[in-house]
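Source: prediction; values computed, not measured. Convention: sequence-line order gives letters A, B, ...; per-chain numbering from 1.
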Amino acid sequence: MAPSPFADAASLEALVRTEGPRLLAIARHLLAQEDDAQTAVKEAFAAAIANPGDAAASSLSRQVVQAAIGLLRARPRAAEDAIEDLVPRFLPNGHHTEQFAPWPDTSTDRAQRLSEVRESLMGVPESFRLVLVLHDVEGLSTDDIAAALGLTANAVKIRLHRARMALRTRLAERWAGGA
Amino acid sequence: MTCRDACSYLPEHLAGDMPADMVDEFDAHHAECANCRAFLDQYRQAIQLGREALQNGLATDVPEDLVRAIMALAPPVSS
């Protein structure tokens, strides 16, 4: 059996330094507050140290997600922007009300574009952004997200679809017209 | 199929689990509706760019205070 990475201080510190940046990035995506993000990472390691059998990096990812969800649930509910303003509207005949202008070539100046995407994501209401990050970035299944958030799988699917459309709208606000 | 219907089927379309009897209608709608083609393309891009932006961004070094706080969680080594 491979030695536990928590067996000695040197191994633990190496794990913190190699896995910590990725875990901190996940927590920042979910929580958008640095103090809470660091708390989530600390809680993830605390859970892993208490149960060394869960030391694999993937388990640390799951634990940081669980810790982040716990912290989000403990936050006072802030008023969110209405998602209805960020999803498509339709005419009575079922056609879009809006004509979708083309975006610029996002393959050029990629770093700047991705920075703009990160900013745009923060304009997606939190409860929707959370589902998008868990599914589209962290790769959790809708069933796993539903269990973690206390929602039905169908509610997660609806929230994910709306979150993606809201992100598209935020990006269009920046980019539509080829800007 | 209307634009509203086409929009509602996007998740299933991208996941490849759209009801078989709707696939032809979905494709036919997009063949004739440039606006829905543009929306589908941007919806796809939003997913891809969101994933890439978060997977590639913000991964900085762990603050030393946090390293020390985690190291303090480790049980003392028994001699």
Are any of the side-chain heavy atoms of [X] and [Y] separated by less than 4.5 Å?
{"X": "B:D41", "Y": "A:P102", "result": "no"}
{"X": "A:R168", "Y": "B:F39", "result": "yes"}
{"X": "B:C33", "Y": "A:H96", "result": "no"}
{"X": "A:R113", "Y": "B:L49", "result": "no"}

Verdict with reasoning, A:R118 to B:E52, per salt bridge (Lys or Arg N to Asp or Glu O under 4.0 Å): CA-CA 10 Å; A:R118 283 190 285 276; B:E52 187 177 343; over 6 Å; no
Atom [atom1] in [X], atom [atom2] in [Y]: separation rounded to 0.5 Å?
{"X": "A:R89", "Y": "B:R4", "atom1": "CZ", "atom2": "CZ", "answer": "12.0 Å"}
{"X": "A:R28", "Y": "B:L54", "atom1": "CZ", "atom2": "CG", "answer": "12.5 Å"}
{"X": "B:L40", "Y": "A:F100", "atom1": "CG", "atom2": "CZ", "answer": "11.5 Å"}
{"X": "B:M71", "Y": "A:F45", "atom1": "CE", "atom2": "CZ", "answer": "10.0 Å"}
{"X": "A:L132", "Y": "B:R51", "atom1": "CG", "atom2": "CZ", "answer": "9.0 Å"}
{"X": "B:L10", "Y": "A:M165", "atom1": "CG", "atom2": "CE", "answer": "8.0 Å"}

Under-4.0 Å salt bridge between A:E13 and B:R68: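 No, this pair does not count.
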Linked, directly or transitively: A:F90 and B:F26 (ILVMFWY side chains, under 4.5 Å):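 Different hydrophobic clusters.
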Same apolar cluster (I L V M F W Y, side chains within < 4.5 Å links), B:L14/B:V23: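 Yes, B:L14 connects to B:V23 through the hydrophobic network.
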Tell me, for [X] versus chain B, whether the close heavy atoms (under 4.5 Å) come from the side chain, the backbone, both or neither.
{"X": "A:I158", "value": "neither"}
{"X": "A:T39", "value": "neither"}
{"X": "A:E138", "value": "neither"}
{"X": "A:R110", "value": "side chain"}

Which of A:D136, A:V117, A:V16 touches chain B most, by non-hydrogen pairs under 4.5 Å: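 Answer, by heavy-atom pair count under 4.5 Å with chain B: A:D136.
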Locate the shortest heavy-atom distance separating [X] from [Y]; write the atom from each residue and the value.
{"X": "B:D61", "Y": "A:P21", "result": "CA-CG, 4.4 Å"}
{"X": "B:A74", "Y": "A:L12", "result": "CB-CD2, 3.6 Å"}
{"X": "B:A53", "Y": "A:L114", "result": "CB-O, 3.6 Å"}

A:Q38 (side chain) donor-acceptor with B:V62 (main chain) under 3.5 angstrom: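 No; judged by distance alone, with no hydrogens or angles, the pair does not exist.
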CG (B:D17) with more than 12 external heavy atoms under 6.0 Å: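 Atom CG in B:D17 is packed in, count exceeds 12.
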Parallel, tilted or perpendicular, as decided by the 30° and 60° cut-offs, for the rings of A:H161 and B:Y43: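 Perpendicular, since the angle between the ring planes exceeds 60°.
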Top contributor to chain A interface from B:T2, B:I47, B:N35 [non-hydrogen pairs under 4.5 Å]: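 Sorted descending by pairs with chain A, the first entry is B:N35.
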Contact class of B:E12 relative to chain A, heavy atoms under 4.5 angstrom: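 It is neither, since no heavy atom gets under 4.5 Å.
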